[in-house]
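These notes concern the structure reproduced below.
Protein chains get the first letters and strands the later ones, always in sequence-line order, with residue 1 at the start of each.
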There are 2 protein chains.
Amino acid sequence: MMRTRPLKVALLGCGVVGSEVARIMTTHADDLAARIGAPVELAGVAVRRPDKVRAGIPAELITTDATALVKRGDIDVVVEVIGGIEPARSLITTAFEHGASVVSANKALLARDGADLHAIAEEQNKDLYYEAAVAGAIPLIRPLRESLAGDKVNRVLGIVNGTTNFILDKMDTTGAGYQEALDEATALGYAEADPTADVEGFDAAAKAAILAGIAFHTRVRLDDVYREGMTEVTAADFASAKEMGCTIKLLAICERAADGESVTARVHPAMIPLSHPLSSVRGAYNAVFVESDAAGQLMFYGPGAGGAPTASAVLGDLVAVCRNRLSGATGPGDSAYTQLPVSPMGEVVTRYHISLDVADKPGVLAQVATVFAEHGVSIDTVRQQGKDGEASLVVVTHQASDASLNGTVEALRSLDTVRGVASIMRVEGE
Amino acid sequence: MMRTRPLKVALLGCGVVGSEVARIMTTHADDLAARIGAPVELAGVAVRRPDKVRAGIPAELITTDATALVKRGDIDVVVEVIGGIEPARSLITTAFEHGASVVSANKALLARDGADLHAIAEEQNKDLYYEAAVAGAIPLIRPLRESLAGDKVNRVLGIVNGTTNFILDKMDTTGAGYQEALDEATALGYAEADPTADVEGFDAAAKAAILAGIAFHTRVRLDDVYREGMTEVTAADFASAKEMGCTIKLLAICERAADGESVTARVHPAMIPLSHPLSSVRGAYNAVFVESDAAGQLMFYGPGAGGAPTASAVLGDLVAVCRNRLSGATGPGDSAYTQLPVSPMGEVVTRYHISLDVADKPGVLAQVATVFAEHGVSIDTVRQQGKDGEASLVVVTHQASDASLNGTVEALRSLDTVRGVASIMRVEGE
């Protein structure tokens, strides 16, 4: 069965992930050949700094001309682990036009231009695989796209960013504040010098867009994803969460509306019960819950980042794409046939935990309760604590739309007896 | 892109799983067609009792002649959800010989005759898929076979039988004995009238054989799997486990030896630390931990049985096999190229928790410790409890081979001061 002419792979980028891909391709060459049915050969490695020593990669394979590499015409698969929009986008496009299939780990690019890239891949009858773009080593794209292809997914709820999970876990277990926990994450290499993409939820939002599109067989653009970072989460929020039997996680949530006619995608911190499996996801690990009609609740757990774990996902895709090329087929491509529209955040329905600073005098609770009722937001529990003329009210609601909740909060702010809204947090996973 | 001639599916068996497969094929026909690229049509349903009312299945599709159905020649995919060895085996073989690909949920058959069936499938250039055979709805075969195709799996550790997990969870949370918990499982429909296959570990052993073969790309037969049921687990064992910060689960464990030159597969009850994610798998749920060189630790969690969850896995396979037929390709088939031998249980290395009833007199501990030392089994901790001339010794060992442990226990039994060996349990997941 074994073909002797090797499949040729061009590697774009040789950083943390790329160097692991090259290492495994070399050290596990025999296994890869047996699993593919033909040997694979590293035919070129495009880098920015050619002088850097790269153990195990023959110097003659190194080039700074990525464009020439993907244009060679004899490349079977281009592995893109550069990241960012350009030049990754142009290189992938050029690769398809010159006959290669593509494996990418580029979540930002896939979230923004996935539809265009899939269209080019389909036009050229080539594969575009990107398991590594979401949740690192965790098989997630393939299970959603293939294992659940006969099922109807209703919800994807996950921790898809390891940096923020490390920070929130640290705050939860040590009582540290946000800045202190961030500093530790930076010192340990879990957070980048500029942590914006992680802590403001941009990274998770890109992954949510990709997951929602695949889960619901529709098109979800990055701009469609509601995004709230976790920089405002305080030690006090964790104390409130504990009183509720909850912890706080930054969640990516993709949902099909109850009527099935639209979907939503959002990223924000939320309280989640300690009884929910996602609550015990520690450190920089990722985990994603998937709920579907027939399968019920599934969870996928593992390392969401890092060189070797991401390389594992890239190489799984590489084997699949190589097998497809040998058999002259392509794997499941873009599937956006449902064309379900993405509803705005205002239509999302969930529960809320709201802390109010109020005047400590009779009638305040009645006033506040009236405002909730007027906006159609039903209260589950209220807890009142008073001292020295000041008091706090903690309200937990039943399910309500984000629009109704916003209307409620706006009206509460205009009450004389409400001194301030200390925090608002969604409650998920119940 | 849509082809109009439908792909024809023959369904063998229309019980709990088969009826769900038929229902989803009918109610989700449009989705399946969009995802496959062609409509799929239920072309025949083979049953034993044709008179039973089957909602949603046209009477003219029902037949009692399964052999004639798979011989028709116009069937694209045969879905086998009968279970058991015969007639399933003959029907699948006949199906391949008459041009069909096969999707099966039959763990017993795959564990016993997987190699033969794969050989016939390959000879006929057809697909044999069986995601539903292991851990119900949980995507596990596909992730192991495809997502991790570029990685090196070292260990698969899982709860793959829902009945026994329900019973053990009940014993753990309520303090019930085995029989009481089994009775409740039977009353609730989690255990069959004859629970032997589940409680004696036969079901889990079949799944372990399948998983080990796929994970290590070798051949593991059912007879190669060491098997110990969980009927001897007592409330006292759970009390001991709690003192260790552990709970007890029936685990399927497939391991690559430290030197990489052989593998082992086994099913037995074991203590597992409460900090391990598998310890919190409740009720009839399944979960499988996979450890690999590059990806690190992954976990897959979900419902391990039931009509709809199993149907979800079957339909995911059906979509993949239909896509393969349309493109004239086949998916990844049997992969046993490593030919790694399966080592006997004696070579398995793990830790042990041993409770001994001993005479309460000076020197007993020294005697017992000497026996462990003579057999090369290093002791981690010993706890001694005495009352009324009788005492118990609880020994937890460091890692030792099963053979060394057995030799130790045999020698202990021959000591005058050892009245009996109350329990021996392996400690896993550390």
**Request:** Could you have a look at A/P309, A/A294, A/A308 and say which one has the most heavy-atom pairs with chain B under 4.5 angstrom?
**Result:** A/A294

**Message:** How about OH on B/Y190, more than 12 heavy atoms from neighbouring residues, nucleotides or ligands closer than 6.0 Å, or not?
**Reply:** no

**Message:** Are the side chains of A/L298 and B/P139 in contact, using a 4.5 Å heavy-atom criterion?
**Reply:** yes

**Message:** Out of A/M25, A/H217, A/E131, A/H28, return the one with the most heavy atom pairs under 4.5 angstrom to chain B.
**Reply:** A/H217

**Request:** Name, in order of residue number, those residues of residues 314-324 of chain A that have a heavy atom at a distance of less than 4.5 Å from a heavy atom in chain B; otherwise write 'none'.
**Result:** A/L315, A/G316, A/V319, A/R323

**Request:** Taking all non-hydrogen atoms of both residues into account, name the closest pair between B/R35 and A/Y337 and its distance.
**Result:** NE-OH, 2.9 Å

**Item:** Most contacts with chain B, counted as non-hydrogen pairs under 4.5 angstrom, among A/G331, A/P332, A/P143
**Value:** A/P332

**Item:** Interatomic distance, A/R142 atom CZ to B/E146 atom CD [nearest 0.5 angstrom]
**Value:** 5.5 Å

**Message:** Distance check, rounded to the nearest 0.5 Å: B/E20 atom CD versus A/D293 atom CG?
**Reply:** 10.0 Å

**Message:** Go through it in stages, so that I can follow the logic: the residues are A/L148 and B/S312, the test is side-chain contact (heavy atoms from CB on, under 4.5 Å), and I'd like the CA-CA distance, side-chain angles, deciding distance and then a yes or no.
**Reply:** CA-CA 7 Å; A/L148 291 166; B/S312 171; 3.7 Å; yes

**Request:** Heavy-atom pairs under 4.5 Å with chain A are the metric here; pick the option from B/G302, B/A137, B/A295 that has the most.
**Result:** B/A295

**Interface residue of largest heavy-atom contact number with chain B, from A/A329, A/A311, A/A149, under 4.5 Å** = A/A149

**Region of A/F300 in contact with chain B, defined by heavy-atom distances below 4.5 Å** = both

**Request:** Drop me the distance from B/T27's OG1 to A/K152's NZ, to the nearest 0.5 angstrom.
**Result:** 9.0 Å

**Heavy-atom pair count under 4.5 Å with chain B, highest-scoring of A/L32, A/D31, A/I24** = A/D31

**Asked** Looking at A/S292, A/G296, A/S280, A/P303, which has the largest count of heavy-atom pairs under 4.5 Å with chain B?
**Response** A/P303

